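Here the structure comes first, spelled out in structure tokens, and everything after it is commentary.
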Amino acid sequence: MANLTKEELFQAKIDAEIKIEPKDWMPEAYRKTLIRQISQHAHSEIIGMLPEGNWISRAPSLRRKVALLAKVQDEAGHGLYLYSAAETLGVDRADLMNDLVTGKAKYSSIFNYPTLTWADMGAIGWLVDGAAIMNQVPLCRCSYGPYARAMVRVCKEESFHQRQGYEIMMTLSNGTPEQKAMAQDALNRWWWPSIMMFGPSDADSSHSAQSMAWKIKRFSNDELRQRFVDATVSQAEYLGLTLPDKDLKWNEERGSYDFGAIDWDEFWNVVKGNGPCNRQRIKARQKAEENGKWVKEAAMAYAEKRRKRQQKIKTQEAAKAA
Amino acid sequence: MQSALFDYTLRLGDTSLIIGHRLSEWCGHGPVLEQDIALINIALDLVGQAKSFLEYAGEVEGKERDADTLAYRRLEREFRNVLLSEQPNEDFAFTIVRQFLFDAFQYPFYQRLTQSKDAQIAAIAEKSLKEVTYHLRFSSEWMIRLGDGTAESKAKMQTALNELWMFTGELFEMNETDEMLIKEGIAVDLNEIKPLWEQRVSSILEEATLTQPTTTWMQSGGKKGIHTEYLGYILAEMQYLPRAYPDAKW
Amino acid sequence: MSKKNWPLWEVFIRSKQGLSHKHAGSLHAADEKMAIENARDVYTRRMEGVSIWVVESKHIHASNPLEQGELFEPANDKVYRHPTFYDIPDEIGHM
């Protein structure tokens with residue numbers, strides 16, 4: 001061991017499944033990759049609150065209303081756990097937030113699509129959360145301790161989200177003809193963006209190989225995408241809904257479903273800011289940050305005043321005692 | 001008696017529902033992530049309380065209307081919530097002041113309501129009291145923090161207080177419903193709550209270095225179903241789906 | 001001063017009476033009261049706790065991972081600290 005370089009020691013630890021903790025030595029590129037990935041993940045949670053938040057005031061029953069509220073609140077919590085994990089790498093949440101509102105940082109593209117009907121709450125829970133879980137479960141074993149721990153918490157809480165979505169879809173599918181049509185329409189609109197959520201095809205994925213070696217990533221984008229498709233087909237059948245892909249069929253040989261070509265042109269355009277809601281989402285975050293400024297300042301000013309007052313009392317008491 | 005009890009439980013349910021709905025509008029837009037989460041927790045508590053009261057209101061009425069039917073199929077003039085609860089969020093200062101003025105009422109009110117001779121109402125109050133104790137602590141601390149924070153925050157808080165003050169009188173207003181139910185030992189005599197509220201409000205305002213408004217002219221109407229213009233929009237949004245698809249279940 | 005961001009706090013939760021507080025994560029708050037309330041809202045939404053500690057992150061002093069060897073490895077060969085180091089005849093039973 002003695003003549004191994006720091007890099008080799010680091011990789012040996014990773015290969016032995018020993019977690020890396022915040023103060024351990026790590027290659028700068030590992031730190032940067034993690035900061036990028038964790039903060040993008042956190043941003044996705046925060047931006048992800050908006051399309052669903054869009055329906056909280058219109059949720060059609062009290063039960064749906066509290067369930068949706070609790071779900072979107074969880075997303076805020078998950079964003080917070082993830083920002084916390086990123087902060088252990090020596091960045092500040094305020095800076096990360098600033099990167100988000102200035103458009104420097106990326107987040108999951110799916111949230112740049114609009115939620116047009118109530119059925120979108122079902123489709124998002126079922127498909128978008130379903131895809132997210134597929135991605136997130138392996139992250140619970142990620143090599144970086146704080147990220148892995150945050151993901152354990154996230155995954156534990158996330159399990160109700162997908163069920164909630166599927167239940168909405170079930171109610172709609174078994175409902176009136178208009179409701180069923182609403183569910184099918186939502187599925188049509190969310191299916192392709194959902195399978196794009198796994199990111200570009202392995203051949204075009206710029207960070208994949210290194211992330212796999214570092215065990216930040218455990219499975220390739222295409223592997224996870226395939227698993228998601230395989231899991232979802234029977235769920236759609238159960239609902240009596242049709243996945244909008246005429247090329248979708250069981251491949252006996254592979255023991256998996258074949259599916260049609262993904263429109264990567266659309267994907268990259270949405271990533272680059274040309275989705276229907278990119279500007280709207282960022283604007284909403286900018287506004288929240290802008291409106292939060294005076295609140296943050298006031299709370300700090302008050303905390304400072306209070307500290308000084310308490311100090312004064314202590315000095316006076318000390319003087320009295322003496 | 002039955003219709004008074006129905007009216008009373010509707011008032012409690014509607015008030016929690018509408019203010020909870022207002023708070024839920026913050027979801028995703030809060031000034032800080034941690035506060036976003038806190039406001040939603042309060043909203044969840046309040047919508048939960050609303051559900052319990054409306055469920056019971058439906059039972060009392062005996063016309064097979066459940067909590068959802070009452071929440072989603074009544075019109076503006078049938079809502080019994082206090083006007084304070086429907087006032088818009090405006091900014092974080094307005095929201096905190098509205099919440100504090102309301103919590104400072106709800107806390108002593110629920111304390112008394114746990115003694116109600118109506119077992120169902122007493123049970124809901126009992127469960128809600130724990131929640132409301134936390135709400136009051138949260139909103140009181142924020143009153144002080146923002147009132148005694150910066151010049152900017154103080155000005156915003158004072159404006160909010162001045163504008164919302166005229167909706168506080170209604171909290172203590174009583175009508176035939178109250179009279180009848182007080183006699184039965186079911187309702188709380190709001191005259192007993194008022195001094196407790198005043199005490200709490202003036203002590204927190206003092207600590208928050210805010211000035212208690214001197215206006216004494218108070219708005220009235222919510223308890224009779226005469227609302228501000230805001231309620232219509234809340235309901236239009238909230239009730240849209242059940243109204244657009246009257247036969248659907250969600 | 002007032003322009004500064006809210007400081008970072010570490011949150012420790014006791015999940016039930018009888019267990020020690022365990023690190024749950026961190027959050028930002030202007031003061032300790034707010035930190036405790038935020039911790040309650042953020043980390044105990046699903047009845048995960050009965051008690052909360054918060055401590056401003058800057059007050060935590062950590063051991064240096066580079067000294068892991070000198071700090072922790074010396075304990076490796078002190079097997080006499082473990083009960084199995086001592087031979088006790090079977091007929092004595094559990095001890």
Side-chain angles (χ1 to χ4, degrees), chain A residues 42 45-66 68-70 72-77 79-80 83 93 97 117-118 168 171-172 174-176 178-179 182 284-285 287-306, chain B residues 17 20-41 43-44 47-48 50-51 54-55 66-68 70-72 91-93 96 141-142 144-154 156-157 208 234 237-242 244-245 247-250:
Chain A
E45 296 281 355
I46 301 311
I47 294 285
M49 295 172 75
L50 301 170
E52 289 177 282
N54 185 33
W55 279 88
I56 288 170
S57 61
R58 291 177 289 173
S61 74
L62 296 175
R63 179 171 178 270
R64 293 288 179 216
K65 197 184 195 67
V66 289
L68 186 60
L69 252 179
V72 182
Q73 183 197 41
D74 269 352
E75 282 157 11
L80 201 145
Y83 285 125
R93 194 210 294 176
M97 215 44 122
T117 72
W118 171 251
I168 292 175
T171 308
L172 295 175
N174 297 325
T176 64
E178 289 109 317
Q179 282 178 303
M182 196 190 273
R285 278 321 308 169
K287 207 172 142 207
E289 285 295 302
E290 198 52 43
N291 292 340
K293 251 188 204 155
W294 70 269
V295 178
K296 285 188 208 166
E297 282 174 15
M300 277 310 277
Y302 174 73
E304 189 61 20
K305 278 187 203 172
R306 199 165 136 257
Chain B
L17 176 62
H21 181 96
R22 274 296 189 216
L23 282 177
S24 77
E25 293 170 356
W26 274 105
C27 190
H29 308 276
V32 193
L33 207 42
E34 283 84 348
Q35 300 320 318
D36 208 304
I37 296 173
L39 291 178
I40 302 315
N41 262 353
L44 282 169
V47 178
K51 194 165 190 288
L54 292 179
E55 208 69 71
D66 61 9
D68 281 335
L70 288 172
Y72 289 89
D91 59 11
F92 195 63
I96 290 296
E141 281 175 16
W142 275 102
I144 297 166
R145 213 172 261 138
L146 296 178
D148 194 16
T150 58
E152 184 186 9
S153 70
K154 185 185 175 129
K156 281 183 195 286
M157 292 296 277
I234 294 178
E237 207 172 322
M238 186 173 92
Q239 299 179 336
Y240 134 74
L241 275 173
Y245 303 90
D247 305 322
K249 288 200 174 63
W250 303 94

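All values reported here derive from a predicted model rather than from experimental measurement. Below, read A as the first sequence line, B as the second, and so on, with proteins coming before strands; counting in each chain starts at 1. Excluded from the calculations below are hydrogen atoms, water molecules and symmetry mates; all remaining heavy atoms, backbone and side chain alike, are included.
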Where the side chain of [X] meets the backbone of [Y], is there a donor-acceptor pair that is under 3.5 Å apart?
X: A/Gln179; Y: B/Lys249; result: yes
X: A/Arg285; Y: B/Gly28; result: yes
X: A/Lys65; Y: B/Val47; result: no
X: B/Lys51; Y: A/Arg63; result: no

Would you compute the distance between atom [atom1] of [X] and atom [atom2] of [Y] and round it to the nearest 0.5 angstrom?
X: B/His21; Y: A/Ser57; atom1: NE2; atom2: OG; result: 5.0 Å
X: B/Glu141; Y: A/Tyr302; atom1: CD; atom2: OH; result: 8.0 Å
X: B/Trp250; Y: A/Ile168; atom1: CH2; atom2: CD1; result: 10.5 Å
X: B/Leu33; Y: A/Glu75; atom1: CG; atom2: CD; result: 11.5 Å
X: A/Leu50; Y: B/His29; atom1: CG; atom2: NE2; result: 5.5 Å
X: A/Leu62; Y: B/Asp66; atom1: CG; atom2: CG; result: 8.5 Å

Residue selection (most heavy-atom pairs with chain B, distance under 4.5 Å) from A/Gly292, A/Ala76, A/Ser61, A/Gly53 = A/Ser61

Taking A/Gly175, A/Ala284, A/Ala59 one by one, which has the highest count of heavy-atom pairs under 4.5 Å against chain B?
-> A/Ala59

Side chain, backbone, both or neither: which part of [X] has a heavy atom under 4.5 Å from chain A?
X: B/Ala67; value: both
X: B/Leu39; value: neither
X: B/Ala151; value: neither
X: B/Trp142; value: side chain
X: B/Lys156; value: side chain
X: B/Asp148; value: both
X: B/Glu237; value: both

Residue part contacting chain B, namely of A/Ile47, when any heavy atom lies under 4.5 Å | neither

Per-residue contact mode, A/Arg58 against chain B (heavy atom under 4.5 angstrom) = both

Return the option, out of B/Val32, B/Ile144, B/Leu241, with the maximum number of heavy-atom pairs under 4.5 Å with chain A.
-> B/Leu241

Hey, are A/Glu297 and B/Thr150 close enough side-chain-wise for a donor-acceptor pair under 3.5 Å?
-> no

Of A/Leu69, A/Val72, A/Leu68, the one forming a side chain to side chain contact (heavy atoms under 4.5 Å, CB included) with B/Ser24 is A/Leu69

Salt bridge or not for A/Arg93 and B/Glu34, using N-O below 4.0 Å?
-> yes

Minimum heavy-atom separation for B/Gly30 to A/Ala288, with atom names?
-> O-CB, 3.9 Å

For B/Ala248 and A/Thr176, work out which heavy atoms get closest and say how close.
-> CA-CG2, 4.1 Å

Any side-chain heavy atom of A/Ile56 within less than 4.5 Å of one from B/Cys27?
-> yes

Heavy-atom distance under 4.5 Å between the side chains of A/Gln73 and B/Asn41, does that happen here?
-> yes

